[in-house]
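Start at 1 with the first residue, then count along the sequence. What you see below is based on every heavy atom in this structure, not just the backbone, and it leaves out hydrogens, waters and symmetry mates.
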Amino acid sequence: MSFDLPGRGLVFWPVANGDSTTVVVDSETHLQVDVNHLERSEDDDDRTWPVIDELVERLPKRDGRPYLNAFALTHPDQDHCREFPRLLEEVEIGELWFTPRVFREYKKDLCDDAKAFKEEAERRVKETIAAQGDPGAGSRVRIFGYSELLEEEPFKNFPADRLTVPGSELTTIDEEDVSDKFRAFVHAPFKDDDAGDRNDTSLGMQVTLHDGTGKLQALLLGDLSYPIIERIFRVSEDDDLAWNVLLAPHHCSKAVMYWKDESDDEEELKERIVDEIGAASRSPNRVVSSSNTVPSSNKDGDNPPHAKAKTQYESITTSFLCTMDNDDPVVAELEGEEISFVGAAAASVSASEAASRARGSSAPPGDAATYGRG
C-alpha cells in the first residue's frame with residue numbers, strides 16, 4: 001500500500017470498529033491516540049490496515065528504532081489497545097498518556113492487551129515517583145483526570161506536574177515544548193466520573209495543530225456518551241470546543257444524542273446537543289466514524305455504528321466519512337492556511353473561505369458548572 005503520513009495533520013486508520021488515530025505534529029513528533037491493530041487478511045475486500053506495521057515503517061528512527069513521542073489510551077477497552085504489547089516491543093514510546101481508570105480495574109476485568117498496558121503504566125509511575133522529575137524517554141508518563149487512587153500508595157507522591165486535569169491545556173509532548181504548533185485542551189474525564197462505567201472515564205480532548213498561519217482542530221472524545229458530552233459543551237468555552245474534525249464518539253454510537261433521562265419514558269433525541277456540536281464546527285469540517293460501514297438501519301440492541309447517529313451527524317457537517325468506506329486512511333492535513341481531507345471526495349479550503357463560512361455558536365448558555373477541581 002502506498003501511503004505517506006501528512007506533514008502536519010491527523011490520520012484515522014481503517015481498523016473496523018475501533019480507534020487508531022495518529023496526530024502528526026511535525027515530521028519528528030507524533031502522538032498516537034489508541035491502537036486497534038488487526039492483521040490484514042488476504043481477502044481483496046479487506047480494507048483494514050495493520051496500524052503497528054504502518055507506524056513501524058513510517059515513524060522516525062532513534063538509535064535504530066521507530067520512535068513514537070507519545071501514546072494516549074483513552075480507556076482500556078480492547079478495541080482501543082489491541083496489540084499494545086506488540087507496539088511496545090517494536091516501537092520506542094517516549095511518553096504514555098492515560099486516565100487513572102486503568103489502575104482501578106481488577107485483572108479479570110481487563111483483556112490481556114489492557115493488562116499489559118496497566119503493567120507498563122505502573123512501571124512508569126514508579127520510575128516517575130522515584131525520579132521526582134523527568135525519568136527519561138521510555139519511562140515518561142502523564143495522567144489525565146482525578147482519582148482517589150492518586151492520594152494512596154504507591155501513587156500519592158506522583159509529581160503534580162505530570163498530572164493534567166480537565167479544564168486545562170497541554171502544550172508539551174515527551175518533554176518538548178510544542179506550543180508553537182500543538183495544543184491539547186482536556187475536557188474529560190470529570191472528577192465524579194472516575195468510578196463510573198469505563199467508557200465514561202475516556203480521555204476527551206480537543207487537539208489543535210497550527211503553524212502560525214492556519215490551524216486544524218479536532219475533537220477526540222473516546223467512547224463518551226450524552227451525559228458527559230452534554231456537560232462538556234455546557235462548561236467549556238467556545239474556542240475549546242471548535243472543530244474541523246469530529247471523531248464520532250464510540251464508533252458512531254447513537255448514545256451521543258439519543259438518551260433516556262430519569263424523567264423520560266423512553267430514549268429521546270437530544271436535539272440541543274446536536275445543535276451545539278454543529279455550532280462548534282468550523283469550515284471546512286468533517287465527521288469521521290472509526291467503524292465498520294454504517295448500516296441503513298439498526299435493530300434495538302445493535303452495537304455501533306448506528307444509522308440514527310449518522311443521520312444526525314450528516315445534518316451538521318458537509319461530509320460524513322467512515323474509515324471502512326475508503327481504501328486509504330482518512331487524513332486531515334494542514335498546509336499553511338489550507339486544510340485538506342484525503343480518503344474521501346474533499347478539496348482544500350483556504351483560510352479566507354473558511355472564515356467566511358465558519359459558524360458561530362448560537363446555542364443558549366447553560367447553567368453554570370465547573371470541572372470539579374480540587
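- Judged by the 6.0 Å distance and 45° axis criteria, Lys61 is not positioned over the aromatic ring of Tyr67.
- A salt bridge links Glu39 with Arg86: at least one charged nitrogen is closer than 4.0 Å to a carboxylate oxygen.
- Arg198 has a carboxylate O that lies under 4.0 Å from a charged side-chain N of Asp77, or vice versa, which qualifies the two as a salt bridge.
- For the residue pair His187/Ser236, the side-chain donor-acceptor check at 3.5 Å is satisfied.
- For Lys181 and Asp26, the salt-bridge test passes: some basic side-chain N is under 4.0 Å from an acidic carboxylate O.
- Proximity of the aromatic rings of Trp97 and Phe144 is defined here by a centroid distance below 6.0 angstrom, and this criterion is met.
- Using a 30° and 60° split on the angle between ring planes, Phe98 and Phe117 fall in the perpendicular class, above 60°.
- A salt bridge is absent between Arg124 and Glu127; no separation between the charged side-chain nitrogens and carboxylate oxygens falls under 4.0 Å.
- Between Phe190 and Tyr146, the gap from one ring centroid to the other reaches at least 6.0 Å.
- Taking the six-membered ring wherever Trp is involved, the centroid distance between the rings of Phe3 and Trp13 falls below 6.0 Å.
- Taking the charged nitrogens against the carboxylate oxygens, Glu169 and Arg183 do have a contact shorter than 4.0 Å, which makes a salt bridge.
- Salt-bridge formation is detected for the pair Arg272/Glu276: a Lys NZ or Arg NE/NH1/NH2 atom is positioned less than 4.0 Å from an Asp or Glu carboxylate oxygen.
- With salt bridges taken as basic N to acidic carboxylate O contacts below 4.0 Å, none links Lys126 and Glu122.
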